[in-house]
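Since the structure comes first, as structure tokens, the remarks are kept for the end.
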Amino acid sequence: MGAVLKSFAHNRKALTGLVIVAIIVALAIAAPWLTEYDPTRRVGRPHQPPSWDHWLGTTRIGQDVFARLLYGARTSLAVGFGAGLLITVVGTIFGILAGYKGGRTDEVISFFTNMVLVVPNLPLLLVLAAFIGQASPWVIALILGATSWAWGARVTRAETLSVKQKDFVKSAEMLGEPSWRIMLFEIFPNVISIVGINFVGSVIFAVITEATLEFLGLGDPKTVSWGMMLFNAQNASALQVGAWWDILSPCFALIALGAGLSLLNFAVDEVANPRLRTGNTLSRWSLLMRRGEGRL
Amino acid sequence: MTADPLLSVQNLTIDYIGAEADFRAVDDVSFDIAPGEVFGLAGESGCGKSTIAYAINRLHKPPALIRRGRILFEGQDVLDLDDRALREFRWSKVAMVFQSAMNSLNPVLRVEAQFHDLLKRHRGYSKEQSRERAAEMLRLVDIPPERLRDYPHQFSGGMRQRIVIAICMALDPKLVVMDEPTTALDVVVQREILQRIDELRRSRGFSVLFITHDLGLMVQFCDRIGIMLRGNLVEQGTSEQIYHRPQHEYTKQLWASFPSLHGHPVRLERASG
Amino acid sequence: MAFLFRRLGFYLAAFLAAATVNFFLPRLMPGDPIEIMFSSAGSDLSVENLEALKLTFGFVDGPLWQQYLTYLQSVFTGDLGRSIKYYPLAVTELLGRALIWTVGLMGTATLISFTLGTVLGIMAAWRRGSTFDVVFSVGAIMATSMPAMVLSLVALFFFGFELNWFPTGYAADPALDPAFSWQYVSSVVRHGILPVLTLSTVLTGGFLVTMRNNMINLLGEDYIVMARAKGLSDSRVMFWYAARNALLPTVSSLAIAIGTVLGGSLVTEVVFNYPGLGNTLYQAILARDYPVIQGQLLIMTLAMLTANFIVDISYVLLDPRLRSA
């Protein structure tokens with residue numbers, strides 16, 4: 001475990017990603033100290049460009065964009081990590097169960113998983129959200145958790161299948177350990193890298209999808225989140241009237257968070273599967289070759 | 001050695017370059033192989049024997065690095081060949097049989113295609129010519145030529161290994177390197193394959209570099225043997241010498257781990273010559 | 001062959017599942033399902049028309065299973081009801097028209113991104129560890145972390161509004177009549193460039209990374225080493241031995257990716273005001289036009305299953321091990 005963390009720390013991509021995400025989280029937490037405006041109140045004239053009073057300008061109805069961005073970060077992050085956690089938990093449980101138990105359990109779970117996988121995600125979410133009406137971020141997180149676990153389940157199952165063959169699992173079985181203990185204490189710790197990748201990927205997915213659902217008009221209008229900011233801006237024809245700050249602020253916020261999480265994910269993937277590493281693993285080799293200290 | 005050796009490995013040293021430290025896989029190894037000879041390299045996994053095998057055809061990729069040494073084939077240093085000469089050299093002079101029969105053949109190409117790309121490259125054969133030559137080669141290993149249009153997965157493990165041997169023969173190489181050629185196969189098939197290789201060797205006159213961890217098998221099959229331990233060639237000699245009068249501690253240990261040492265002696269079944 | 005039949009059976013089950021979701025959703029929500037489904041009609045629909053609509057969606061007298069079967073019957077005879085907003089336009093007709101544009105957009109974008117991503121992925125894997133690899137791999141990851149929605153908005157803003165290089169909406173110049181004329185077709189192309197390029201950018205990265213990783217995973221295989229030992233040229237080994245085999249898992253990941261492509265396409269259409277399924281759906285959501293909303297789930301599921309099936313067929317064609325099985 002220590003070695004893993006060490007290689008993680010040395011990985012430039014991991015550090016960059018971590019720093020980006022940490023900054024966003026810090027800004028979200030520090031929102032009340034960074035801005036004096038209430039994100040939902042009308043505090044200025046409509047569609048003002050950025051100024052000293054309003055660092056990122058105002059929206060169509062006079063709200064401060066910067067304040068909305070900061071407070072909106074809280075919602076987007078909370079839903080992102082919350083839904084991401086839910087998706088990962090469900091997917092991991094199903095994956096390990098199917099992979100370890102095999103037989104009937106595996107058949108049933110896999111069939112179910114493949115079915116959920118093949119029905120297109122966004123249309124399903126749209127139908128669900130449309131019927132629910134104005135979905136608050138928590139409801140969105142819940143329906144995301146309920147529908148998007150399939151891919152994670154599949155990869156976790158594959159990983160479980162290969163861990164299942166290992167000696168320490170077999171010896172635990174022979175010692176008579178109950179299945180649930182084996183799955184929790186032997187299998188789970190050994191598929192943790194896949195679970196980690198799954199988690200970060202799910203967070204990215206949740207953040208983007210929540211924003212998308214809200215952008216398409218399925219969110220609760222009272223919510224302050226980046227998705228709702230986009231929805232409001234789009235409805236206010238921000239682009240057409242040239243109010244670029246209104247629509248581009250949440251855009252770049254989403255890009256930043258997405259980039260940070262992706263770098264993190266890439267790094268987790270590389271630590272788990274060192275063969276796929278990019279970056280100069282061959283710097284020393286190239287150096288020696290150039291110095292003529294060897295050939296191939 | 002009265003005549004010039006076919007292959008002469010001299011002071012070969014190969015490292016695997018890591019981020020901080022290097023791993024010395026092969027340390028100052030020298031040995032010769034005469035024309036028509038069967039030379040065995042024995043040792044446990046990780047001792048460097050496969051590394052040497054790969055080096056002969058210069059198949060290594062980074063982070064492997066050949067630090068020192070020469071690999072002389074018919075007097076010419078393989079390590080000095082430019083890309084073009086190297087590609088011509090490969091397979092036409094030195095062919096290779098790998099360990100996993102399961103995996104040496106491209107799963108998505110028909111057997112005839114896997115002969116044809118080789119023959120077209122080296123001899124400019126047309127498809128028709130390749131098919132003829134391929135059929136000839138398959139007959140050498142007792143595989144019906146009608147099966148040329150099949151895919152590798154349609155053959156058993158043993159048959160696949162025989163196909164690989166047939167492909168090895170296609171350009172009449174002078175040396176065939178065999179890296180654990182029978183380890184993945186069952187004992188009966190192992191025997192057949194080795195007998196087949198021996199027959200082919202005697203009729204076509206190529207040398208064999210035979211790599212395995214199975215010392216008992218090696219003693220039956222090889223003329224001379226080298227014992228490798230952690231990158232060093234610790235002992236070299238004829239099979240008789242290695243079997244009856246092992247010098248190095250490690251060689252003695254290897255023999256001691258064979259239960260048959262306490263039963264009746266293993267007969268050397270190789271025909272002379 | 002048996003493989004394909006099994007897949008078809010599975011797809012049928014999946015389609016049924018989607019239809020079942022549609023059936024139960026209004027009945028699971030708090031309140032009167034009929035009220036929920038058709039309230040947006042208000043008093044616009046006559047009694048007979050409302051009755052006909054109710055029948056289509058299984059709101060008949062009788063036990064639940066009978067309602068379910070009635071609904072399934074409608075679905076399998078191609079009757080998805082009528083749009084409330086555009087009454088009496090049939091849902092199938094409304095969505096059918098939009099489907100063409102979506103398929104065009106999605107199809108083109110997928111083709112471009114799959115080809116480009118795969119080729120770049122092959123090159124990145126072959127030049128493992130080089131600057132090329134680092135730049136393109138990291139770049140690919142950054143591109144995929146950008147949601148289609150965001151990229152579309154940014155692209156629209158810069159290239160559409162600010163720089164005015166491309167039109168800012170619609171599939172073609174609204175003043176033109178659809179025809180196979182050069183004028184119309186070129187207008188379609190001009191209007192399609194920005195949405196297609198935006199969507200492609202988001203997707204290419206994913207395919208690049210997938211192909212690269214698949215290649216790297218098999219570059220250590222014995223048949224690759226043997227191919228090099230045979231003295232074959234680098235390009236031959238790269239394409240016919242490595243890439244040709246790495247293509248198999250990449251194609252199967254294409255099947256899964258189609259769902260993402262669909263989602264991305266939907267949002268891109270909304271941003272660019274492109275008359276595809278996404279935009280139609282968006283309008284339907286705003287108007288709470290439930291027959292259309294439910295209909296799109298079925299149509300999109302059908303589209304997705306068809307695309308998956310095409311991928312299955314390609315897989316069988318590409319992998320000889322599946323043909324004799």
Side-chain angles (χ1 to χ4, degrees), chain A residues 13 111 114-133 151 154 204 207-209 211-212 215-218 230 233-234 239-240 242 244 247-248 250-252 254-255 257-263 265-266 269 273 275-283 285-286, chain C residues 10-11 13-14 17-18 21-22 25-26 28-29 36 124 128-129 133-134 137-138 141-142 144-150 153-154 156-157 160-162 168 212-213 216-217 220 255-256 258-260 262-263 266-267 270-271 281-282 284-286 288 290 293-294 296-297 300-301 303-305 308:
Chain A
K13 282 190 278 295
F111 182 72
N114 284 331
M115 186 149 325
V116 174
L117 206 51
V118 92
V119 172
N121 205 325
L122 197 59
L124 181 63
L125 286 169
L126 289 174
V127 172
L128 279 173
F131 272 101
I132 291 174
W151 184 84
R154 220 165 108 148
I204 299 175
V207 170
I208 294 178
T209 313
T212 308
F215 175 68
L216 294 175
L218 291 163
L230 286 171
Q234 177 81 333
L239 282 182
Q240 279 83 344
W244 53 267
I247 207 152
L248 290 185
C251 277
F252 283 113
L254 282 168
I255 291 180
L257 184 59
L261 288 169
S262 283
L263 283 172
N265 212 9
F266 205 26
D269 200 16
N273 195 349
R275 274 200 289 184
L276 299 177
R277 249 185 303 155
T278 55
N280 249 325
T281 52
L282 298 175
S283 45
W285 185 92
S286 313
Chain C
F10 173 69
Y11 293 145
V21 166
N22 264 347
L25 263 182
L28 289 174
M29 293 294 132
I36 297 174
R128 179 94 193 289
D133 182 23
V134 177
S137 294
V138 179
I141 296 296
M142 308 303 283
T144 50
S145 67
M146 254 185 279
M149 166 177 69
V150 164
L153 284 169
V154 172
L156 179 61
F157 179 71
F161 288 107
E162 291 294 294
T168 56
R212 173 189 176 269
N213 290 355
I216 290 180
N217 275 330
I256 303 175
I258 292 178
T260 319
L262 187 59
L266 293 188
V267 199
V270 173
V271 171
L281 180 58
Y282 182 54
I285 290 175
L286 288 179
R288 294 303 193 247
Y290 286 106
I293 298 176
Q294 288 210 331
Q296 66 84 26
L297 176 64
M300 297 218 207
T301 304
M304 174 88 161
L305 297 178
N308 261 286

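Here is the naming used below: chain letters follow the sequence lines, and residue numbers restart at 1 for every chain.
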Next item on the list: Run the numbers on C:L28 and A:F131 for side-chain contact (heavy atoms from CB on, under 4.5 Å), then give the verdict.
Entry: CA-CA 10 Å; C:L28 289 174; A:F131 272 101; over 6 Å; no
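- In this structure, C:A17 and A:M115 approach most closely via the heavy-atom pair CB-SD, 3.4 Å.
- Side-chain contact check for A:L122 versus C:L262: every heavy-atom pair is 4.5 Å or farther apart.
- Residues passing the side-chain hydrogen bond (donor to acceptor under 3.5 Å, both in side chains) test with A:R154, sequence neighbours excluded: A:N114.
- Across C:L153 and A:Q234, no two heavy atoms sit closer than the pair CD2-OE1, 4.2 Å.
- A:I247 touches chain C through its side chain: at least one heavy atom from C-beta onward sits under 4.5 Å away, while N, CA, C and O do not.
- No part of A:A233 comes within reach of chain C, as not one of its non-hydrogen atoms sits under 4.5 angstrom from that chain.
- Side-chain atoms of C:Y290 never come within 3.5 Å of backbone atoms of A:V127 as a donor-acceptor pair (strictly under, hydrogens ignored).
- Two residues are said to be in side-chain contact when any heavy atoms from C-beta on lie closer than 4.5 Å; A:L126 and C:L266 meet this criterion.
- When heavy atoms are compared at a cutoff of 4.5 Å, A:L257 does not approach chain C at all.
- By the 4.5 Å heavy-atom criterion applied to side chains, C:M300 and A:L124 are not counted as neighbours.
- Under the 4.5 Å side-chain criterion, counting only non-hydrogen atoms from C-beta, C:T301 is not in contact with A:P123.
- Among all heavy-atom pairs drawn from A:F111 and C:A13, the shortest one is CZ-CB, 4.0 Å.
- In this structure A:V118 satisfies the side chain to side chain contact (heavy atoms under 4.5 Å, CB included) test together with C:F10, C:Y11, C:A14, C:L305, C:N308, sequence neighbours excluded.
- Between C:M149 and A:L230, some side-chain heavy-atom pair lies under the 4.5 Å cut-off.
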Next item on the list: Check the pair A:F252 / C:V150 against side-chain contact (heavy atoms from CB on, under 4.5 Å), numbers first and verdict last.
Entry: CA-CA 8 Å; A:F252 283 113; C:V150 164; over 6 Å; no
